[in-house]
Each structure stands twice: as structure tokens, then as C-alpha cells.
Q: 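Shown below is the structure under consideration.
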Amino acid sequence: MDEQRLSQDELLREDRGGTPKLLDIENIRTCFTAGKKITTILDGVSLELTRGEIIGLVGESGSGKSVTMLSTLRLLPGTGYIDSGRIELDENGVNLAELPAKSPAIREVRGGRIGMIFQEPMTSLNPVMPVGEQIREAIITHLDMNKEESKARAIEMMKLVNIPDAEVRYNEYPMQFSGGMRQRIVIAMVLAAKPDIIIADEATTALDVTTQAQLLEMIRDLSVKTNVSVIIVTHNLGIVARYAQRIYVMYAGNVVERGSADDIFARPEHPYTRALLRAIPRLNDPKDRVLIPIDGLPPMPQNRPAYCPFYDRCQYRCDRCRELPRPDLAEVGPGHFAACHLSEAEKDARQAELRRAGLKARPEKNLRSEVCLEVSHVSKRFDIRKGLLQKKIATLSAVDDVSFSLHKGETLGIVGESGCGKTTLARTILRMYAPSEGEIKLYGTDIAHLKGKALGEYRRKMAMVFQDPFSSLDPRMTAGDIVAEPMVIHKTFASRAELSERVDQLFEMVGLDPLLRERLPHEFSGGQRQRIGIARALASEPDIILCDEPISALDVSIQAQVINLLEDLQSTMGLAYLFIAHDLAVVKHISDRILVMYLGKVMEVAPSDEIYEKPLHPYTETLLSAVPIADPAVERARAFIGLKGEVPSVLDRPKGCPFSNRCLHATERCFAEAPELKDCGNGHTVACFLR
């Protein structure tokens with residue numbers, strides 16, 4: 001991939017008049033059987049794609065995005081089958097939907113004509129087979145090449161996706177690669193067979209924002225250079241705003257709106273599309289913007305109504321929406337279609353009515369001058385041991401000389417790529433790890449080396465909300481018992497009746513019905529499980545809550561609910577948050593100040609608005625440029641800063657500035673000497689010789 005980003009005119013290629021369809025999906029109906037019961041998952045999905053085009057498929061979990069792609073490739077699991085509809089490649093008259101799923105004809109299409117990049121690269125790779133041989137296997141399957149030719153092409157593909165030392169790494173195994181590199185190997189496998197279409201199904205969701213940007217830029221550039229078409233399946237609206245030319249919005253097993261990216265973002269017509277856009281934070285948002293979540297949950301496939309499936313969650317609904325059958329897509333502008341019974345005038349009138357009613361104001365911050373947490377020169381090192389006698393062979397410095405303070409009622413965001421030490425720092429502050437050096441003062445008392453009962457008294461003043469709401473909850477305990485557990489441990493109740501009453505209060509506080517307290521975790525949705533996690537964190541009446549990626553596993557609409565809940569709780573209870581995430585848009589929205597980490601060290605600290613408007617460290621600039629904004633017009637005007645290489649191991653940290661080997665502005669001094677944090681005014685500090 002060229003270091004210079006390809007021109008936007010090349011990338012958009014908007015003039016497609018008369019271009020024949022490469023892929024034409026028409027009225028696909030996909031069903032699954034369970035015993036004698038048949039459930040319709042897709043109900044009349046239509047989609048088209050031309051050669052060299054990039055389209056986006058967006059919607060909440062369960063909307064049918066992945067099932068649409070699996071239906072196209074005839075990879076439906078278990079009892080899934082295509083009941084009706086057409087899937088046609090090249091307008092050749094062959095309906096792929098009617099071909100047997102294991103027929104030679106469909107196998108030629110699957111991997112040969114259409115390649116798919118899945119979300120988790122390790123599930124796509126054979127762990128006991130060298131990566132080069134896996135790429136070569138795809139080549140031999142679909143191309144007429146001998147052993148030498150196929151190996152040469154495999155190495156060529158590895159170089160194409162920027163795998164360094166491809167000839168050497170050809171013989172390495174998946175476990176020897178990072179997550180981003182493994183996904184590059186999967187992309188090389190897909191490209192090796194010279195497909196006409198690449199499907200990227202949440203292909204970058206599990207990756208850092210910088211790695212995500214690198215891979216998507218590479219896919220887009222390859223699309224331009226080789227005329228490969230791309231379908232991006234994602235719930236991230238920023239990604240499709242940056243990379244897609246046309247967008248399909250799916251809800252409850254059907255397409256509810258489709259059109260150009262500019263139309264979808266500038267003039268969304270379906271209430272669901274409008275609701276999605278209102279629910280997401282953006283880097284360029286004003287600080288007082290309120291996120292508006294979508295109430296309720298999508299209907300289960302077996303319970304979809306005959307009327308508009310979005311009716312129960314729609315702010316624009318009227319009696320006609322329930323009385324009439326489900327609306328079909330209708331043209332609302334050139335190339336722009338939406339499935340809604342309401343006219344544009346009716347939606348505008350309803351929007352004006354909602355504005356007059358007044359939007360909920362963002363909770364007022366109750367910032368106080370009192371410092372509740374002070375971290376001074378904290379480091380955390382781990383010994384690396386090997387062999388039968390567990391001999392120490394190295395020391396891993398996960399957190400290196402970190403200092404900051406946190407005030408009552410304040411939110412400090414901590415951002416950085418995976419492996420930068422964010423979670424290790426949080427666990428050290430919570431004293432899950434004992435710090436190797438430094439002080440952790442809670443209201444002036446150093447708890448860095450406290451033990452036993454003395455530590456327990458302070459630990460109840462801090463709590464943690466984890467990333468995965470399901471794995472952080474005991475599946476054998478009821479929701480009520482999970483929330484009550486911290487109170488039982490710290491003995492903060494006088495009687496069982498008082499404990500029960502307090503659990504009910506906590507359920508109500510986080511927006512859950514206390515009647516649900518006897519349910520087990522698997523009986524709740526992802527958003528509800530995270531609310532239980534927040535209620536558990538509140539149970540010990542803490543002053544500080546450490547939020548470790550608390551919304552990354554949730555849909556955008558549920559993310560908005562959780563963010564609003566955290567802000568409401570902070571406003572009413574005066575809580576202080578350490579909010580850890582890699583999504584700078586979310587962190588900027590919720591945080592008062594932001595701390596940027598890289599390889600265990602602090603690179604920059606600043607007020608959230610200032611760090612967006614005037615980032616001083618090259619690493620911060622790179623992180624910000626990698627975060628896509630859900631607005632194609634804004635994206636076209638932004639500069640993209642490419643980041644070379646991957647995060648080095650903390651065992652092999654550069655001698656000078658940790659970022660020196662990836663920085664575009666590094667000087668000789670940067671490679672020889674590590675910069676100290678210096679004050680640039682207005683609470684803005686940075687560790688960089690260039691500032």
C-alpha cells in the first residue's frame with residue numbers, strides 16, 4: 001500500500017452510470033428450523049453491488065447483516081436455508097440461491113469469486129499450520145498454479161498486506177503474530193484467489209483504532225488498484241462514513257433505507273437511521289451534546305409484527321404505522337430509498353414537535369476541588385520466568401512512572417492502543433496488583449502497600465466496571481445476589497430486609513425492574529447485564545469507579561444508554577470515573593480530561609476539548625486521525641496520518657521516546673533520550689521534544 005493516501009476523487013468513483021451489477025441479491029428470504037417451527041430471519045432483502053464499489057451494511061446486532069452475507073455464500077449454519085429469492089453474479093442468469101450448498105459450482109464462488117474476512121482472525125486460521133501454507137492452500141484451491149508458483153504468490157500476497165520479512169514469516173504460525181497481523185494474513189488469504197468481491201464482516205471490531213484504520217485503508221486502496229468490490233458489514237457508522245460509497249441500513253431482517261453515503265448521513269429518511277445517528281458520539285461534537293438512545297430492543301425474529309417492526313421504538317410513529325402492513329422501500333430522492341409510511345413533511349412536523357417538547361439536558365457536572373485519588377510515579381513490573389525451576393529471564397515493565405490526580409466528580413479518560421498499560425494501571429490502582437514503585441493516595445492515604453483489613457477499608461471506596469458484561473458476572477448467581485455481594489463482603493447492612501431493600505434501590509438506580517432480581521445473567525440482554533455490573537459497582541457506595549472498556553461490547557444504541565446512565569449517576573452521586581477505552585470519540589464525550597498512554601508511559605494529558613482541537617504529541621494526532629467521524633463531508637476534509645509498524649513489545653521498548661520508531665517527526669534526540677512531561681499551560685502536559 002502506498003504511504004500517500006489515494007485521492008478522494010479516485011476513491012469515490014461516483015460516476016457509475018450504466019455500470020453492470022456484479023452482485024444482485026433480490027428478495028432473499030432466509031429461514032431457520034427448530035423442530036417443526038420455522039423462523040424467518042431475512043424477509044425480502046435486496047442488495048446490489050457494482051465492480052470496484054465499496055458499500056456498507058449497518059444496523060444493530062440481530063438485524064440480519066451477517067446472515068445476509070452467509071446466505072450469499074451459502075454458508076448458513078445448521079438448519080438455515082434460503083426459502084426464496086435470487087442471488088446472481090455477473091448477471092449470468094445463474095441463481096446461486098438454488099445451487100446445492102456443497103456443489104462444485106458454489107465452491108468456485110466461495111473463496112474464488114467472493115472472499116470473506118471474519119471478525120476474529122484466530123477462528124479463520126489453522127493454529128497448527130504455517131500461515132504461508134494456509135495462503136498457498138487457498139491459491140491451489142482456486143488458481144491453476146504449481147507448488148513453486150503458489151508459494152511465490154503467497155509471499156507476494158504477504159508483502160501486499162505489509163507483512164514484514166514475508167519470506168521468513170511464511171513458515172511461522174498464527175500464534176506468532178499480533179491480532180492486527182493475523183487479520184492481515186486472513187486478508188492475504190482472501191486476496192490470493194483473486195476474488196471479485198471481499199466481504200469484511202466486522203473485520204476490525206476486535207482491533208485497535210490505529211490497526212483498524214491501517215487495515216481499512218489497505219482494503220480501500222486495494223479496491224482502487226485492483227477494482228475489487230467490497231462489502232463492509234459493521235455497526236460502526238464512522239467506518240462506513242469514511243469508506244463506503246453507498247449504505248444499506250438493516251433492521252429486523254430487512255433493508256429499511258439505502259442510498260449514497262452523503263444522503264444517508266446528511267438527509268436520513270428512516271426514523272431508525274435518524275435514531276442511530278443521534279445515539280453515537282462524534283469527535284467533532286460540542287461538549288454539551290446529549291446522546292439520545294433508542295428505547296427498547298429490536299423484536300425477536302419469531303415475534304416480528306406484520307406492521308412496521310420499528311413501530312414500538314419509533315419517536316415519529318402514528319396510528320397509520322400500526323394499521324398498515326410493513327412498508328416497502330420507496331424512492332425519496334435520486335437513488336435514495338426508505339421504508340416508511342410517513343412523508344417527509346410529517347417527519348419534519350414531528351421533529352419540530354419533539355424539539356418544542358425539549359430535549360433532555362446533559363447532566364450538570366459537579367466538579368470539586370477536592371482530590372480523591374493521586375497517583376505518583378507508579379510503575380508495575382512483572383518477572384518473566386521460564387523452565388522447570390522458573391528462572392527469571394526478563395522483566396516486563398507494563399506501567400512506567402505514571403502520575404496523575406483525580407478530583408471528586410471528575411472523569412479522567414485513559415486512551416491508547418492494546419498493550420499500552422491502561423488495564424494494568426487500573427488494576428494496580430484498585431490494588432489487584434501491588435505497584436512496584438510509587439504512591440497511590442486515596443484521600444491523602446497511601447494505599448500502595450496496605451494489606452488485609454487495612455486495604456479492605458479503602459478498597460470499598462473504589463469499584464470496577466468490566467468490558468464484557470457476561471464474563472464478569474457469575475452465571476450461577478441471580479442478578480440480585482450479584483448486586484448484593486459487595487455489601488455482604490463489606491458488611492454494610494444491618495438486616496436481610498435492609499439488604500433486600502438496598503438491592504431494589506440499586507436496580508431502580510440503573511434503570512432495571514427489581515422484579516428481575518431473581519433472573520440469571522443469561523436471561524438479560526447485553527445492555528441489561530452491563531447495568532447489573534454498574535449496580536454491583538455502586539453497591540459498596542464507592543467514590544471512584546474504574547470503567548475498563550465498559551461499552552465496547554455493546555451496540556451503538558445500548559452504548560448511548562450506558563453512557564447517559566454513567567453521566568446521570570455521576571451528577572447525582574458525585575462519583576469520580578477513570579474511563580478506559582480506545583474509542584476517542586466516546587472518551588472525549590464523557591471525559592473532562594484525557595490521559596494518553598503508550599507502552600506504559602504517559603504521552604499527553606489535557607482537557608478533552610483541547611486534546612481534540614490542539615493535540616501536541618504525534619501519537620495523539622495519529623490516534624485522533626484514525627477515529628472515523630460519522631459524516632462523509634467531514635471525513636473528506638480530514639487529513640489521515642498513516643502509522644507505520646505495530647506497537648513494539650514492552651520487553652523491547654525503544655531506548656529513547658517510546659514512540660520514536662513509529663513517529664514521522666522523530667529526530668536523533670528522540671531515539672537517544674526519553675522526554676519528560678512538561679507543562680504547556682491550561683492543564684495541558686506533553687512528553688515530546690518537539691513541543
Q: Give a yes or no on whether the backbone of E217 and the side-chain of R242 come within a donor-acceptor separation of less than 3.5 Å.
A: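 Checked: no pair found.
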Q: Kindly give the heavy-atom pair with the smallest separation between Q530 and V465, and that separation in Å.
A: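 Between these two residues, the closest heavy atoms are OE1-CG1, 3.5 Å.
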Q: List for me each residue that meets side-chain contact (heavy atoms from CB on, under 4.5 Å) alongside N284, sequence neighbours excluded, and say none if there are none.
A: R282, Y612, I629, V634
Q: L277 versus L237: any side-chain heavy-atom pair under 4.5 Å?
A: yes
Q: So which of E410, E610, H407 actually passes side-chain hydrogen bond (donor to acceptor under 3.5 Å, both in side chains) with R593?
A: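 Considering E410, E610, H407, a side-chain hydrogen bond (donor to acceptor under 3.5 Å, both in side chains) with R593 is found only for E410.
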Q: Would you please say whether a donor-acceptor pair under 3.5 Å links the side chains of H235 and E60?
A: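 Looking only at side-chain atoms, E60 and H235 do not form any donor-acceptor pair under 3.5 Å.
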Q: Please test Q176 against M181 for side-chain contact (heavy atoms from CB on, under 4.5 Å), starting from the C-alpha separation and ending with a verdict.
A: CA-CA 9 Å; Q176 295 174 273; M181 284 294 179; over 6 Å; no
Q: Determine, for K422 against E417, whether the closest basic-nitrogen to carboxylate-oxygen distance falls under 4.0 angstrom.
A: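 Salt bridge absent between K422 and E417.
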Q: T685 and E604: side-chain contact (heavy atoms from CB on, under 4.5 Å), yes or no, with the steps?
A: CA-CA 6 Å; T685 59; E604 188 168 3; over 6 Å; no
Q: For atom CD of Q390, decide whether the heavy atoms of other residues, nucleotides or ligands shown that lie under 6.0 angstrom number more than 12.
A: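 Count over threshold, so yes.
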Q: Taking all atoms of both residues into account, what is the closest heavy-atom pair of A279 and A560, and its distance?
A: O-CB, 3.3 Å
Q: Once rounded to the nearest 0.5 Å, what's the spacing between atom OG of S591 and atom CG of L578?
A: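 Result: 9.5 Å between the selected atoms.
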Q: Is the backbone of S557 close enough, under 3.5 Å, to the side chain of D555 for a donor and an acceptor to pair up by distance?
A: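 No; zero donor-acceptor contacts below 3.5 Å.
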Q: Side-chain contact, heavy-atom cut-off 4.5 Å: V240 with I54?
A: no
Q: Treating D446 as the side-chain partner and A448 as the backbone partner, does any N or O pair qualify as donor plus acceptor under 3.5 Å?
A: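 Yes; judged by distance alone, with no hydrogens or angles, the pair exists.
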Q: Looking at every non-hydrogen atom in both residues, tell me the closest pair between A261 and A244 and how far apart they are.
A: CB-O, 3.4 Å
Q: Counting distance only, does the side-chain N/O of E621 pair as donor-acceptor with the main-chain N or O of L616 below 3.5 Å?
A: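 Side chain of E621 to backbone of L616, a donor-acceptor pair under 3.5 Å: no, none is there.
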Q: Under the side chain to side chain donor-acceptor pair (under 3.5 Å) rule, collect the residues that match up with E437, sequence neighbours excluded.
A: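 Per chain and number, E437 pairs via side chain to side chain donor-acceptor pair (under 3.5 Å) with R381.
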Q: Would you say the side chain of R536 lies within less than 4.5 Å of the side chain of I532, judging by non-hydrogen atoms?
A: no
Q: Check whether D548 reaches the backbone of T423 with its side chain - one donor and one acceptor, N or O, closer than 3.5 Å.
A: no
Q: Taking the side chain from N564 and the backbone from L291, do they hold a donor-acceptor pair closer than 3.5 Å?
A: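 Yes; at least one donor-acceptor contact below 3.5 Å.
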Q: Is it true that, when you exclude I393 itself, more than 12 heavy atoms of the residues, nucleotides or ligands shown sit nearer than 6.0 Å to its CD1?
A: yes
Q: Would a 4.5 Å heavy-atom cut-off, applied to side chains only, mark L406 and V371 as touching?
A: no
Q: Any side-chain heavy-atom pair from F689 and T667 closer than 4.5 angstrom?
A: no
Q: Output yes when a side-chain donor or acceptor of S571 lies under 3.5 Å from a complementary backbone atom of E567, and no otherwise.
A: no
Q: Can you list the residues that meet the side-chain contact (heavy atoms from CB on, under 4.5 Å) rule with M573, with sequence neighbours excluded?
A: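 Partners of M573 by the side-chain contact (heavy atoms from CB on, under 4.5 Å) criterion, ordered by chain and then number, come out as M509, L538, L569, L575.
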Q: Under a 4.0 Å threshold between the charged nitrogen and the carboxylate oxygen, would D609 count as salt-bridged to K588?
A: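 Salt bridge present between K588 and D609.
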Q: Would you give the length of the straight line joining atom CD1 of I414 to atom CG of L546, rounded to the nearest 0.5 angstrom?
A: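 These two atoms lie 7.5 Å from each other.
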Q: Say whether, by atom type as modelled, one donor and one acceptor occur between the side chain of T572 and the main chain of D568 under 3.5 angstrom.
A: yes
Q: Rounded to the nearest 0.5 Å, how far apart are CZ of R184 and CD1 of I117?
A: 12.0 Å
Q: Within this structure, what is the NE2-CG distance for the pair H684 and L677, rounded to the nearest 0.5 Å?
A: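 The CG atom of L677 is 10.5 Å from NE2 of H684, to the nearest 0.5 Å.
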Q: Between D400 and K601, does at least one N-O distance fall below 4.0 Å, as a salt bridge requires?
A: yes
Q: May I have the list of side-chain donor-acceptor pairs in residues 452-464 shorter than 3.5 Å, sequence neighbours left out?
A:
from, atom 1, to, atom 2, distance (Å)
Y458, OH, T445, OG1, 3.2
R459, NE, L430, O, 3.3
R459, NH2, R431, O, 2.5

Q: Please report the shortest heavy-atom distance between S625 and F640, naming the atom on each side.
A: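 In this case the closest contact between S625 and F640 is O-CD1, 3.8 Å.
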Q: Kindly indicate whether the side chain of L566, heavy atoms from C-beta on, has any atom under 4.5 Å from the side chain of Y577.
A: yes
Q: Would you say that more than 12 heavy atoms from the other residues, nucleotides or ligands in this model lie under 6.0 Å from the NZ of K287, or not?
A: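 For K287, atom NZ is crowded (more than 12 foreign heavy atoms under 6.0 Å).
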Q: Go through V587 and F579 one step at a time and tell me if the side-chain contact (heavy atoms from CB on, under 4.5 Å) criterion holds.
A: CA-CA 7 Å; V587 175; F579 194 90; 4.2 Å; yes
Q: For E485, enumerate each residue passing the side-chain contact (heavy atoms from CB on, under 4.5 Å) test, keeping only those at least two apart in sequence or located in another chain.
A: M477, I489
Q: Between E370 and K408, is the closest basic N to carboxylate O distance under 4.0 Å?
A: no
Q: Could you walk me through whether Q570 and T411 pass the side chain to side chain donor-acceptor pair (under 3.5 Å) test, one step at a time?
A: CA-CA 9 Å; Q570 183 177 52; T411 300; 2.8 Å; yes
Q: Given side chains that start at C-beta, do those of H377 and E439 come closer than 4.5 Å, heavy atoms only?
A: no
Q: If every non-hydrogen atom of V378 is compared with every non-hydrogen atom of V399, which pair is closest and at what distance?
A: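 Scanning both residues completely, I find the closest heavy atoms to be O-CG1, 3.6 Å.
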Q: Shortest non-hydrogen contact from A213 to Y243?
A: O-OH, 3.8 Å
Q: Any side-chain heavy atom of M603 within less than 4.5 Å of one from P658?
A: yes
Q: Just verifying a value: how many Å separate D592 CG and S608 OG, rounded to the nearest 0.5 Å?
A: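 Between D592 CG and S608 OG, I get 6.5 Å after rounding to 0.5 Å.
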Q: Could you give the distance from OG1 (T211) to CG (L215), rounded to the nearest 0.5 Å?
A: 6.5 Å
Q: Would you confirm whether T424, through its side chain, and G421, through its main-chain N or O, come within 3.5 Å as a donor-acceptor pair?
A: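 The answer is no, because no donor-acceptor pair under 3.5 Å joins these two groups.
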Q: Determine, stepwise, if the pair S540 / M487 fulfils side-chain contact (heavy atoms from CB on, under 4.5 Å).
A: CA-CA 6 Å; S540 63; M487 293 182 281; over 6 Å; no
Q: Cation-pi between R182 and F177: NZ/CZ under 6.0 Å from ring centre and within 45° of the ring axis?
A: no
Q: Donor-acceptor pair, distance only, cut-off 3.5 Å: does the side chain of T428 make one with the backbone of P435?
A: no
Q: For Y619, enumerate each residue passing the ring-ring contact (aromatic ring centres under 6.0 Å, His included) test, keeping only those at least two apart in sequence or located in another chain.
A: Y598, F659
